[in-house]
Amino acid sequence: MTRIQNQETADEKTVLTKGYEFTAVERKWYDFWQDAKHFRATMDDGKGSFSIVIPPPNVTGVLHVGHALNNTLQDILIRFKRMDGLNTVWVPGTDHAGIATQNVVERQLAQEKISRHDIGRRKFVERVWQWKEESGGQIINQLKRLGCSCDWERERFTMDEGLSRAVREVFTRLYHEGLIYRGDYIINWCPRCHTALADLEVEHEATDGKLYHIRYPYTSGDGYLVVATTRPETMLGDTAVAVHPADERFTDLPEKAVRLPLTERVIPIVFDTHVEREFGTGALKVTPAHDLNDFEISRRHDLPALKVMDDNGVMNQDAGAYAGLDRFACRRKVVADLEALGLLEKVEPYQHGVGHCYRCQTIVEPSLSKQWFVSVKPLAEKAITAVKNGETRIHPKSWENTYFDWMYNIRDWCISRQIWWGHQIPAWTCDDCGEILVSTTDPDTCTACTSRALTQETDVLDTWFSSALWPFSTLGWPENTKELATFYPTSALITSFDILFFWVARMMMMGIHFMGCAPFKDVYLHALVRDADGQKMSKSKGNVLDPLLVMDKYGTDALRFTMTAFAAQGRDVRLSEDRIEGYRHFINKIWNAARFALLHLEDGDRATTAAPGSLPLQHRWILSRLNLTVAEVRRSLDDFRFNDAAHAAYQFVWHELCDWYLEWIKPALYGDDQEAKGVTRSVLLAALEDVLKLLHPMIPFVTEEIWHALPGDRTSIMIEPFPRVLDERNDPAAEECVTLLVGIITGIRNIRSETGIHPSAGIEAGIICHDPDRRALIAEHASAIRDMTRTETLNLVSDGERPKGTASYIYNDIEIFVALEGVIDIAQEMEKMRREKEKIELQVGKISNKLANEKFLANAPADIIAKEQEKHDLFAAKLAKIDEGLARLAELR
RNA sequence: GGGCGGGUAGCUCAGCUGGGAGAGCAUCGGCCUUACAAGCCGAGGGUCACAGGUUCGAGCCCUGUUCCGCCCACCA
């Protein structure tokens with residue numbers, strides 16, 4: 001077992017085991033970070049700041065893959081900015097999730113065969129708090145397992161004292177500003193949850209239903225008007241029939257009223273342009289108490305509203321003979337009765353959208369009710385402006401349209417809920433005079449009549465009301481805190497697009513209204529996590545990947561890196577175990593690269609501080625590549641292109657550092673040249689340190705573990721400065737040179753592989769290169785070429801006869817030969833060359849055409865033309881080489 | 001009905017301001033080479049959905065067609 005360095009054991013280094021044992025490592029470092037207070041926010045003067053508030057998960061929730069993605073991305077940013085020297089804070093917390101949590105506790109009660117009404121409001125709410133205490137820590141601990149570096153001392157809960165105070169303050173202010181009002185309106189009622197729902201909380205699902213054509217007889221004679229409806233049971237609440245004023249079919253109505261079947265009530269016929277002439281029969285039954293449009297028509301024509309259902313979705317006294325029937329039973333009976341009376345003209349199948357409760361999937365009932373609303377239009381305007389003028393940037397930008405569209409068409413927000421778990425609305429009604437008092441503190445007496453008989457509103461607020469205040473309520477508002485001054489507006493909000501309206505839009509409105517500026521500089525909307533086939537993960541489909549099990553099996557870093565690598569903007573993340581397993585290989589690769597380095601590194605070794613220009617080629621090259629990678633990772637993270645950051649780091653580590661650099665420096669590390677060895681170790685250490693820091697935000701655990709195994713005093717990688725771009729490390733010449741050597745080495749390996757020379761067999765190779773500069777370079781690095789190709793003799797010639805019994809490979813204008821023991825298959829060799837020749841000729845042809853095109857020469861920028869010319873020359877030289885080779889082979893035949 | 005995203009290698013997807021089509025996985029061949037077989041070396045594989053257009057030049061820009069996915073919506 002490895003141990004953490006501390007005062008007593010300062011000389012004891014972490015030793016890397018053969019395989020990466022993540023379970024113990026993860027626990028060890030997370031505890032260490034917390035003990036060392038590395039997550040704690042800093043508010044130093046003179047530093048820039050970077051802040052994030054967490055999208056608060058439901059307090060009783062369990063970590064799912066969506067959380068894993070969301071919080072991994074946030075942790076990456078906050079770790080990156082923290083290392084980069086900014087004042088940072090990541091404010092964590094949980095949401096009380098009104099309806100969802102109440103439902104859970106109600107289900108628990110149901111198992112005990114009691115309802116919330118049996119125990120009463122006070123006891124019920126106590127019971128929910130108790131449940132919150134029991135299970136509330138769960139998701140927080142799971143976030144910790146994910147490695148989240150939140151400032152846990154600032155953990156908040158939407159119903160804690162401070163946030164409740166903010167809620168009251170906001171409600172009171174909005175009420176007195178006239179932006180909160182109470183009124184009768186059609187809302188969406190969930191007959192199971194027994195509460196009103198906001199429009200957003202209703203999910204419309206295409207459902208196969210029926211369209212019933214019903215005859216409404218005129219009061220006298222045999223004539224009738226036919227109306228079409230999908231919900232015949234609501235006819236019991238009809239108070240009119242509406243037709244379009246310009247509809248010629250209804251210009252000569254025999255009378256302006258009909259008899260409502262089954263009730264014998266007489267209802268008027270009204271003319272309203274809302275009616276779609278093409279739909280159904282062109283006549284619309286008007287049920288003001290159970291349909292939003294009908295309600296609006298009723299207002300225009302001063303029609304009464306008649307509620308025919310109660311809160312359980314059961315027909316009430318006003319439904320006459322149908323009272324006591326469930327709404328769906330009532331529908332069947334109404335249809336049967338109409339048919340018996342010969343008033344059902346026809347029934348046709350009809351697919352339409354039916355609203356379901358987003359919490360329990362019960363079909364919602366539009367219902368007339370007295371509720372509290374926020375008048376959001378004025379708030380929405382400013383929220384639109386903030387995005388329009390760039391105060392808040394939404395990424396990916398394509399979401400801006402959706403945001404605008406919703407904001408422009410926004411309707412008043414119903415914020416009262418008839419449940420018990422939540423912020424009770426701070427409004428009191430005077431029992432004596434009916435005065436409504438709204439106040440941040442509980443009032444004693446009525447301000448109108450001084451009566452002390454005040455009754456508090458029993459409704460609670462929509463959960464999203466308190467979430468809307470999250471960016472400033474968690475930083476201490478309404479107090480004027482240093483936190484607000486330092487961290488508001490927050491830097492970035494990272495959340496899933498599916499709560500853009502529920503949450504983001506409302507935070508924008510509230511933040512601007514109460515803080516004077518938008519709550520975020522950047523909003524990054526990430527996609528949904530789906531399964532490998534693109535299906536939404538759901539328990540019923542059984543395709544849910546449990547991030548906790550994934551972490552158990554593959555390690556947290558593997559999960560995090562997979563999430564990061566797949567988090568491309570605007571695309572869903574398709575996750576499967578295979579993919580996570582794949583990226584676990586990457587974690588392992590880093591681990592093994594570090595183990596290799598540690599085989600050679602010595603206690604006194606330090607990362608190089610030498611001028612890069614003075615170093616041998618391989619070192620200049622790796623530092624140059626590293627520098628470009630640093631630039632790319634920084635740029636990508638700043639642009640929320642997490643996948644690009646992951647891929648840049650992956651590419652560098654695996655295919656540059658491991659595949660080439662580590663192989664290249666082996667001879668030096670295993671050799672006797674002490675100076676070369678020392679330089680090599682110092683560069684190796686420098687590259688390794690930087691790459692670990694670069695990767696730390698994405699894969700914090702394995703990088704910290706390796707960090708402590710490196711020579712020198714190490715506190716924690718998470719407080720090391722994030723690598724900066726160093727211009728002096730850029731070395732295009734070295735990169736060009738290595739590209740050449742890699743081309744030659746690959747050529748020799750290709751010949752070996754194609755001709756079946758055993759990998760361990762030594763060979764003799766020859767290189768013909770006419771260019772003297774490059775010939776000198778090749779000569780200089782001949783030993784590296786030999787080492788990486790297992791070549792015993794490398795003959796470098798300026799020109800010459802192709803030796804007999806060799807296979808060849810053309811790399812640009814360089815020809816490579818490998819001697820073969822047996823006789824080569826000349827025909828096969830020639831065939832290979834001809835295929836290559838065809839390809840090159842195609843390319844040369846294209847480029848020649850381009851260069852011969854006067855318009856191209858006239859219009860294309862000079863650098864592009866030069867590049868094309870260069871390419872042309874290169875291909876031409878290669879072509880010449882191939883021709884030479886073919887001629888020689890032809891002679892041999 | 002309105003809007004958004006997508007169609008690129010067998011699969012999953014990158015491809016940011018237009019300038020020689022990429023990655024991972026999978027496939028094929030060869031390797032236990034002293035960090036790693038969870039590995040190494042090499043190879044094959046694409047009419048960038050279709051049709052037009054703009055441009056010297058289009059996977060990328062414009063128009064249309066088509067197929068998938070999602071979101072919003074007050075045609076009962």
Side-chain angles (χ1 to χ4, degrees), chain A residues 16 18-20 186 199-200 204 211 227-231 234 242 274-281 283-287 291-297 350 352-353 366 396 398-399 401-402 405-406 409 411 497-498 500-501 527-528 532-534 536 565-566 568-572 574 576 578-579 581-600 635-636 639 641 643-644 647 650-651 655 658-659 662-663 666 670 746 749-754 756-760 789-790 843 846-847 850 853-861 863-865 867-868 871 875:
Chain A
L16 303 193
K18 181 144 179 14
Y20 174 45
I186 286 274
D199 297 333
L200 266 181
H204 292 273
L211 190 61
V227 300
T229 181
T230 53
R231 307 179 56 222
T234 63
H274 164 80
V275 179
E276 291 285 334
R277 276 166 279 182
E278 289 72 32
F279 189 89
T281 60
L284 168 70
K285 61 190 269 311
V286 181
T287 322
D291 185 281
L292 174 62
N293 294 306
D294 294 3
F295 176 72
E296 281 170 356
I297 292 173
Y350 185 68
H352 61 136
S398 55
W399 282 104
N401 275 335
T402 313
D405 196 52
W406 190 75
N409 297 308
R411 293 211 320 236
F497 67 80
D498 55 351
L500 175 61
F501 305 140
L528 248 44
D533 302 319
K536 231 177 186 170
F566 279 106
Q569 288 197 4
R571 281 250 199 186
D572 287 338
R574 294 198 183 189
S576 71
D578 286 351
R579 283 166 203 179
E581 191 175 357
Y583 280 111
R584 181 183 53 163
H585 297 171
F586 177 60
I587 305 298
N588 201 249
K589 188 73 179 175
I590 299 165
W591 182 258
N592 279 302
R595 281 181 59 225
F596 169 75
L598 287 164
L599 276 179
H600 300 281
R635 200 151 26 101
S636 300
D639 292 348
R641 288 182 290 113
N643 57 323
D644 287 347
H647 285 129
Y650 182 100
Q651 179 66 24
H655 297 303
C658 291
D659 285 354
L662 294 188
E663 294 304 322
K666 272 180 185 174
Y670 286 107
T746 305
R749 285 173 177 172
N750 176 286
I751 298 171
R752 293 188 73 116
S753 183
E754 296 279 305
I757 302 170
H758 195 272
S760 60
T789 54
R790 292 212 163 197
Q843 306 261 29
K846 270 192 198 166
I847 299 172
K850 238 186 208 182
N853 186 338
E854 283 174 28
K855 284 182 178 172
F856 172 71
L857 296 174
N859 292 313
D863 59 317
I864 295 292
I865 297 173
K867 221 167 117 188
E868 291 293 317
K871 270 190 303 195
F875 283 135

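Every chain is numbered from 1, with letters handed out A, B, ... down the list of sequences. As the structure is a prediction and not an experimental result, all values here were calculated from the model.
Without hydrogens or angle criteria, A:Asn853 side chain to A:Lys855 main chain gives a donor-acceptor distance under 3.5 Å. Counting only distance, with no hydrogens or angles, the side chain of A:Asn409 and the backbone of A:Asp405 share a donor-acceptor pair below 3.5 Å.
Between A:His647 atom NE2 and B:rC25 atom C1' there is a gap of 11 Å when expressed in whole angstrom units. Regarding A:Phe566, its CZ atom lies at a distance of 11 Å from the P atom of B:rU12, rounded to whole Å. Distance A:Lys867 NZ to B:rG18 P: 14 Å, rounded to the nearest Å. If you measure from atom CD of A:Gln843 to atom P of B:rG19, you get 16 Å, rounded to the nearest angstrom. Counting to the nearest Å, the P atom of B:rA26 and the CG atom of A:Asp578 are 9 Å from each other. Rounded to an integer number of Å, the gap from A:Arg752 CZ to B:rA43 P is 14 Å.
Residues A:Ala565 and A:His647 share a closest heavy-atom pair of O-CE1, 3.5 Å. Here the closest heavy-atom approach between residue A:Gly280 and residue A:Ala228 is recorded as CA-CB, 4.1 Å.
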Protein-to-nucleotide contact annotation, 5' to 3' order, nucleotides 33-41 of chain B [B base; S sugar-phosphate only; - none; under 4.0 Å, heavy atom]: SBBB-BSSS

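The 12-atom threshold is exceeded at NZ of A:Lys871, counting heavy atoms of other residues, nucleotides or ligands nearer than 6.0 Å.
Partners of A:His204 according to the side chain to side chain donor-acceptor pair (under 3.5 Å) rule, which considers only residues two or more places apart in sequence or in another chain, do not exist here. Partners of A:Gln651 according to the side chain to side chain contact (heavy atoms under 4.5 Å, CB included) rule, which considers only residues two or more places apart in sequence or in another chain, are A:His655. Applying the side chain to side chain contact (heavy atoms under 4.5 Å, CB included) rule to A:Ser576 yields the partners A:Ala532, A:Asp578, A:Arg579; only residues at least two apart in sequence or on another chain are considered. Partners of A:Asn592 according to the side chain to side chain donor-acceptor pair (under 3.5 Å) rule, which considers only residues two or more places apart in sequence or in another chain, are A:Asn588, A:Arg595. In this structure, the side chain to side chain donor-acceptor pair (under 3.5 Å) partners of A:Asp199, at least two apart in sequence or on a different chain, are A:Asn188, A:Arg411. Scanning for side chain to side chain donor-acceptor pair (under 3.5 Å) contacts around A:Asp498 gives A:Ser496, with sequence neighbours left out. Scanning for side chain to side chain contact (heavy atoms under 4.5 Å, CB included) contacts around A:Val275 gives A:Ala242, A:His244, A:Leu284, with sequence neighbours left out.
Here, B:rA43 and B:rC61 have their C1' atoms 37 Å apart, quoted to the whole Å. B:rC60 and B:rG18: their P atoms are spaced 11 Å apart (whole Å). Taking atom C1' in both B:rC67 and B:rU55, one finds a spacing of 29 Å when rounded to whole Å. For the P atoms, the distance linking B:rC16 with B:rG5 amounts to 15 Å, nearest Å. Rounded to whole Å, the separation between the C1' atoms of B:rC48 and B:rG22 comes to 12 Å.
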Pairing annotation in dot-bracket form, given for RNA chain B with Watson-Crick or G-U pairs under 3.5 Å and | for cross-strand partners: (((((((..((((.....[..)))).(((((.......))))).....(((((..]....))))))))))))....

Are any protein N/O atoms closer than 3.5 Å to N/O atoms in nucleotides 5-10 of chain B? If there are, list each pair with its distance.
{"residue": "B:rG6", "atom": "O3'", "partner": "A:Arg571", "partner atom": "NH2", "Å": "3.2"}

Return the polar atom pairs (N/O with N/O) between nucleotides 56-61 of chain B and the protein under 3.5 Å, or none.
{"residue": "B:rC56", "atom": "OP1", "partner": "A:Asn859", "partner atom": "ND2", "Å": "3.2"}
{"residue": "B:rC56", "atom": "O2'", "partner": "A:Asn853", "partner atom": "ND2", "Å": "3.1"}

Polar atom pairs (N or O), protein with nucleotides 71-76 of chain B, under 3.5 Å:
{"residue": "B:rC74", "atom": "OP1", "partner": "A:Arg411", "partner atom": "NH1", "Å": "3.2"}
{"residue": "B:rC74", "atom": "O4'", "partner": "A:Asn293", "partner atom": "ND2", "Å": "3.4"}
{"residue": "B:rC74", "atom": "O2'", "partner": "A:Asn293", "partner atom": "OD1", "Å": "3.4"}
{"residue": "B:rC74", "atom": "O2'", "partner": "A:Asn293", "partner atom": "ND2", "Å": "2.1"}
{"residue": "B:rC74", "atom": "N1", "partner": "A:Asn293", "partner atom": "OD1", "Å": "3.2"}
{"residue": "B:rC74", "atom": "O2", "partner": "A:Asn293", "partner atom": "OD1", "Å": "2.7"}
{"residue": "B:rA76", "atom": "OP2", "partner": "A:Tyr350", "partner atom": "OH", "Å": "2.6"}
{"residue": "B:rA76", "atom": "N6", "partner": "A:Glu276", "partner atom": "O", "Å": "3.1"}
{"residue": "B:rA76", "atom": "N6", "partner": "A:Phe279", "partner atom": "O", "Å": "3.2"}
{"residue": "B:rA76", "atom": "N1", "partner": "A:Glu276", "partner atom": "N", "Å": "3.2"}

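Distance check, rounded to the nearest 0.5 Å: NZ of A:Lys850 to CD1 of A:Ile864 gives 8.0 Å.
At least one side-chain heavy atom of A:Leu292 sits under 4.5 Å from a side-chain heavy atom of A:Glu296. Inter-residue side-chain proximity for A:Asp644 and A:Arg635 is flagged as unmet; no heavy-atom pair is nearer than 4.5 Å. The shortest side-chain heavy-atom distance between A:Leu16 and A:Leu598 falls under the 4.5 Å cut-off.
Nucleotides of RNA chain B nearest to A:Glu754 and A:His655 differ in position, and the one nearer the 5' end is that of A:His655. Along RNA chain B, the nucleotide nearest to A:Arg579 and the one nearest to A:Arg635 differ in position, and the one closer to the 5' end is contacted by A:Arg579.
Here A:Arg641 lies in heavy-atom contact (under 4.0 Å) with a base.
Note: A:Trp591 and A:Tyr20 have tilted aromatic rings, judged against thresholds of 30 and 60 degrees for the angle between ring planes.
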